[in-house]
There are 2 protein chains.
Amino acid sequence: MSAEAVAPLPKYYVLKTDLVELIANLAPGTLIPTERALADRYGTSRTTVRQAISELVAEGRLGRIQGHGTFVAPPKLTHVRQLTSFSEDVRAQGLRPAAKTLALSTVPADNEVAEKLTVPPGTPVHRLERIRLVEDEPLAHEVAHLRGRLPGFKAKLEKAGSLYTALKEGYGIRLLDVEDTVETALAGPEEVRLLGVEMGSPLLVVHRLVRDAEGIPVEWTSSVFRGDRFRFVARIKADG
Amino acid sequence: MSAEAVAPLPKYYVLKTDLVELIANLAPGTLIPTERALADRYGTSRTTVRQAISELVAEGRLGRIQGHGTFVAPPKLTHVRQLTSFSEDVRAQGLRPAAKTLALSTVPADNEVAEKLTVPPGTPVHRLERIRLVEDEPLAHEVAHLRGRLPGFKAKLEKAGSLYTALKEGYGIRLLDVEDTVETALAGPEEVRLLGVEMGSPLLVVHRLVRDAEGIPVEWTSSVFRGDRFRFVARIKADG
DNA sequence: CAACCCGATTGGTCTATGCCAATCTAGGAC
DNA sequence: GTCCTAGATTGGCATAGACCAATCGGGTTG
């Protein structure tokens, strides 16, 4: 129709679009043809097939396992971030949450933690490192830093099961507000190891600052979520 | 030290790590060596160099322009999402915001819009499509759908300059709360065209549902932000 | 029967190379 | 001087093939 020269779409993008159609009606977990088979069928190189598949993996639509194959990924979860706990959010969706504590100790605050918690660098703070699981699948890596002296914190945390419950019922700390920042990143070796994602897959990096009823920062947490399995929701109320 | 066999890091990842160090002390905009030069220097193929650079581009640390070169990317912006407007947020950072209206019309609600705005499919709704700019650079593509009859909307919007101001001062609509969802995606041809990003670069897709004082949904907006230029912040107040 | 091993299959990394497309620069035409 | 063109340079796309690593299935071995 138009006389204008239209830039032809790259082959890998055409293939990607075709794959999206193909998997639209397939159940999660279904294997798609192998890379070599697709390369044959489309008369293209495996490199080109891999570029198309890689983007779909990055978008969370496909997954792949070396030696096994490439399959349709399960749909994204929705994570409602209110002043509730991760566990509650997940349970509200009918799923089974869990947390594995990797480390719990008292450490001197580094410069970043000190700034966020408004304490002098070197001040002892509690450090809690955990893996968040849903249906036994590791979905997030979280490192929390807590300000102040919290005697018997370990026992209280285990008893309460939830960080926020422990703070509230163990120490009477009431929370005023939460500030979350959300940004994208790509997985490196640490995330590959901890979350079982593949190199270069997208992540959501969340930094959370929690203030108590007096407006004093009490918690500074850095979390890395699998970007292909999560969607964040924030509900924000009007001021008046 | 350990007798355990350590999986050797892929070459492209080593190169990526080296590049992160290299650019740490370089000013934004500085050109890094060309792909061919890096391939020579590291005794590797250009394909491997491109894999390393591609991930850094996806993370927003590098940018590249065909025929020109690969350069250090500017730092991310921070976008505070409260019940304020995009414009106010950007101005608060000392930057110059702008919006370019691509389309403003009344259209029948499709299934998704109808569901979100709780109206029957086909109901006339206002559709506003805009490009958000900061310092003349397009950073987001936004399609808003507004429920209800809004006589003279176009004129009021132009007069107010801001969507929220227009709703409030033009029609007395007070807003109760906002619900944002944030997820990741990769750029396709439309984003390449509208935002000037490259194919496959990461995006933040935000869906926003705004309710009025009675809790009735009044706005359903779909936004696509450049993932390499934005960081979201949500402040959430405790309920009581 | 269970445990083991081996080979086929599949994705992961990498090479070497070619050509296309966008950009920039140096020279020449006017 | 301005404009234009022709190369050189740079990133973008794609090929064909090699070898590695993880997985899985079937057959052998105890």
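Residue numbers start from 1 in every chain, and the chains themselves are labelled A, B, ... in the order their sequence lines are given, proteins ahead of strands. Note that the structure is a prediction, hence the values are computed from the model and not measured.
Side chain to side chain, A/T34 and A/R46 fail the donor-acceptor criterion of an N or O pair below 3.5 Å. Judged purely by distance below 3.5 Å, without hydrogens or angles, the side chains of B/R64 and B/S54 pair a donor atom with an acceptor atom.
In the set C/dG11, C/dT15, D/dG12, C/dG11 carries the atom at the smallest distance from any side-chain atom of A/T34. Looking at the side chain of A/R46, the nearest of the listed nucleotides D/dA22, C/dC19, C/dT13 is C/dT13. The side chain of B/H68 sits closest to C/dT23 out of C/dT13, C/dA22, C/dT23. Side-chain proximity of B/S45 to the nucleotides D/dT10, D/dA14, C/dA16 is greatest for C/dA16. Distances from the side chain of B/T48 to the nucleotides C/dT15, D/dT15, D/dG12 place C/dT15 closest. Among the nucleotides C/dC14, D/dG12, C/dG11, the one closest to the side chain of B/R64 is D/dG12. Counting only heavy atoms from C-beta on, B/Q66 has its side chain closest to D/dG11 among C/dG12, C/dT15, D/dG11.
Protein atom CG of A/L9 is 13 Å distant from nucleotide atom C1' of D/dC13, rounded to whole Å. The distance from atom CD of B/E198 to atom C1' of C/dA21 is 15 Å, rounded to the nearest whole Å. In this structure, NZ of A/K11 is placed 14 Å from C1' of C/dG18, rounded to the nearest angstrom. Rounded to whole angstrom, the span from the CD atom of B/Q51 across to the P atom of C/dT15 amounts to 11 Å. A straight line from CG of A/L56 to P of C/dG11 spans 14 Å, rounded to a whole angstrom. With rounding to whole Å, B/L15 atom CG is found 10 Å from C/dT15 atom P. Note: CD (A/E35) to P (D/dC19) measures 19 Å, nearest angstrom. Residue B/L31 contributes atom CG, which lies 14 Å from atom P of C/dT23 at whole-angstrom precision.
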Result block: side-chain N/O donor-acceptor pairs under 3.5 angstrom for residues 18-29 of chain B, not counting sequence neighbours:
| residue | atom | partner | partner atom | Å |
| --- | --- | --- | --- | --- |
| B/D18 | OD2 | B/Y42 | OH | 2.9 |

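Taking only distance into account, the side chain of A/R50 never meets the base of C/dG11 through a donor-acceptor pair shorter than 3.5 Å. Side chain A/R36 to base C/dG11: a donor-acceptor pair is found below 3.5 Å.
Note on B/T47: a base of the nucleic acid sits closer than 4.0 angstrom, heavy atoms only. Within the 4.0 angstrom heavy-atom criterion, no nucleotide atom of any strand lies near B/I53. Using a 4.0 Å heavy-atom distance criterion, B/G200 is classed as making no nucleic acid contact. Using a 4.0 Å heavy-atom cutoff across all strands shown, B/G63 reaches no nucleic acid atom at all.
Ion pairing between B/K16 and B/E59 holds under the 4.0 Å rule for side-chain N and carboxylate O. Looking at A/E191 and A/R226, no side-chain N of the basic residue comes within less than 4.0 Å of a carboxylate O on the acidic one, giving no salt bridge.
Comparing the helix axis at one end of the helix from C/dC1-D/dG30 to C/dC30-D/dG1 with that at the other, each defined from 5 consecutive pairs, gives an inter-axis angle of 0° (nearest 10°).
A side-chain contact (heavy atoms from CB on, under 4.5 Å) with A/R132 holds for exactly one of A/S223, A/P138, A/P97, A/S87; it is A/S87. Just one residue in the list B/H207, B/H79, B/H141 forms a ring-ring contact (aromatic ring centres under 6.0 Å, His included) with B/F225, and that residue is B/H79.
Position along DNA chain D of the nearest nucleotide to A/Y12 versus A/I65 favours A/Y12 as the more 5'-ward residue.
When all heavy atoms are compared, the tightest approach of A/G63 to A/A73 is N-CB, 4.3 Å.
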